[in-house]
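The sequence lines fix the lettering, A, B, ..., with proteins before strands; numbering per chain opens at 1.
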There are 2 protein chains.
Amino acid sequence: MTQTRPENPPRRITRQRSALEALLAELEDFRSAQDLHALLRDRGDGVGLATVYRTLQALVEEGQVDVLRGDDGEASYRSCSPVHHHHLVCRSCRRTVEVADPPLERWAQRIAAEHGFADVHHQLEVYGTCGACAP
Amino acid sequence: MTQTRPENPPRRITRQRSALEALLAELEDFRSAQDLHALLRDRGDGVGLATVYRTLQALVEEGQVDVLRGDDGEASYRSCSPVHHHHLVCRSCRRTVEVADPPLERWAQRIAAEHGFADVHHQLEVYGTCGACAP
DNA sequence: CACCATAATGGGAATCGTTCCCATAACGCA
DNA sequence: TGCGTTATGGGAACGATTCCCATTATGGTG
Ligand SMILES: [Zn+2]
Ligand SMILES: [Zn+2]
Ligand SMILES: [Zn+2]
Ligand SMILES: [Zn+2]
């Protein structure tokens with residue numbers, strides 16, 4: 001969704017950053033910063049909590065990671081594809097699928113223009129209970 | 001979005017609750033709990049912060065108020081119509097317009113079903129800069 | 001109208017996710 | 001290998017939200 005950083009100061013490759021990127025790469029659902037911090041510790045690649053937050057923030061700015069705010073306001077992160085998409089998330093196990101809806105993109109632009117809004121962005125998430133979590 | 005409370009214990013009408021409902025009724029954009037608390041104080045109808053939070057929570061459950069989480073995780077509240085809708089929000093002045101997109105409703109159900117997800121809900125917000133806030 | 005059981009209030013403490021600060025360690029390039 | 005600069009991390013600081021609980025107000029009832 002967000003993609004800044006044109007040619008800013010070069011970003012250094014540190015053990016911590018590599019560890020976090022590797023972890024995110026093998027996870028396919030949204031996880032909180034605290035979760036990621038704990039997972040890294042368990043795995044042996046301990047990384048300071050502050051660093052986890054900083055790095056996630058950077059990854060989000062680079063457009064490599066998407067953020068999602070839960071009802072409780074806690075942020076969750078997921079390594080996502082770079083093209084615009086939305087999410088279908090299981091409210092029980094957090095399993096996430098990337099989905100796209102071209103018509104929606106056009107609709108958002110149109111409805112915003114009709115109301116005199118410019119520089120339009122949007123955010124859509126679909127929540128449900130996945131097959132594996134059904135009762 | 002949320003609508004619980006079938007015939008729970010009767011809810012009492014207090015000065016505080018009335019004041020908050022009245023304030024929300026005349027505001028047309030999303031406001032944080034802290035904002036509302038301050039506005040009530042300025043207006044003379046002081047209400048404890050804890051009560052503001054509790055009451056907003058109740059109003060949300062009753063479906064009279066919608067919540068929106070900002071990028072910083074802070075929640076904002078707005079007195080909304082009871083029918084399902086989405087929001088077109090000015091990222092600068094917070095001005096908000098309720099909008100609807102029937103095709104999206106169908107799409108969400110379909111895409112979720114295709115992936116084996118049930119009990120589907122969704123959430124869409126469109127952000128932009130309104131005419132009055134244009135440069 | 002007075003009375004009571006019960007729900008609501010509010011001020012301050014307690015949570016908890018996230019950010020700050022800053023001395024120290026690690027990069028990357030020459 | 002040496003150096004200027006960026007990244008790290010532990011703990012303090014923050015800020016929104018929730019908890020606790022003694023006190024007050026509400027909505028019937030008689
Ligand atoms: Zn994504
Ligand atoms: Zn889209
Ligand atoms: Zn609304
Ligand atoms: Zn909808």
Determine, stepwise, if the pair H122(A) / E105(A) fulfils side chain to side chain donor-acceptor pair (under 3.5 Å). CA-CA 8 Å; H122(A) 65 271; E105(A) 310 301 320; 3.1 Å; yes
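For the salt bridge (Lys or Arg N to Asp or Glu O under 4.0 Å) condition, the pairs that include at least one residue of residues 34-45 of chain A, sequence neighbours left out, are E26(A)-R43(A).
A sub-4.0 Å separation between OP1 or OP2 of dG10(C) and a side-chain N or O of T51(B) is present. Neither OP1 nor OP2 of dT18(D) sits under 4.0 Å from any side-chain N or O of Y53(B). Side-chain nitrogen and oxygen atoms of Q57(A) include at least one within less than 4.0 Å of the OP1 or OP2 phosphate oxygen of dT19(C).
Proximity of a side-chain donor or acceptor of R31(B) to a complementary backbone N or O of L39(B) within less than 3.5 Å is not detected.
We find that R69(B) and E125(B) are not joined by a salt bridge, their nearest charged nitrogen and carboxylate oxygen being 4.0 Å or further apart. Ion pair R11(A)/E21(A) not flagged as a salt bridge, since none of the NZ, NE, NH1 or NH2 atoms sits closer than 4.0 Å to an Asp/Glu carboxylate oxygen.
Rounded to whole angstrom, the span from the CZ atom of R69(A) across to the P atom of dT17(D) amounts to 11 Å. Rounded to whole Å, the distance from CG on L59(A) to P on dA7(D) is 12 Å. Between the C1' atom of dA25(D) and the CZ atom of R54(B) lies a distance of 13 Å, rounded to the nearest Å. Atom P of nucleotide dC20(D) and atom CG of L49(B) are separated by 17 Å, given to the nearest angstrom. Rounded to an integer number of Å, the gap from D72(A) CG to dG15(D) P is 20 Å. Atom-to-atom, CG of L56(A) to P of dA7(D) comes out at 15 Å; the value is rounded to the nearest Å. Across the protein-nucleic acid pair, D35(B) atom CG and dA16(D) atom C1' stand 12 Å apart, rounded to whole Å. Taking atom CG of residue L36(B) and atom P of nucleotide dA16(D), one finds them 13 Å apart after rounding to whole Å.
Judged purely by distance below 3.5 Å, without hydrogens or angles, the side chains of T51(B) and R54(B) pair a donor atom with an acceptor atom.
Side-chain heavy atoms closer than 4.5 Å link hydrophobic residues (I, L, V, M, F, W, Y) into clusters, and following such links, possibly through other members, connects L88(A) to V120(B).
Out of dT8(D), dC19(D), dG10(D), the shortest distance to the side chain of T55(A) is found at dT8(D).
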Report, as a single string ordered 5' to 3', how protein heavy atoms within less than 4.0 Å touch nucleotides 24-30 of chain C: B base, S sugar-phosphate only, - not at all. --BBS--
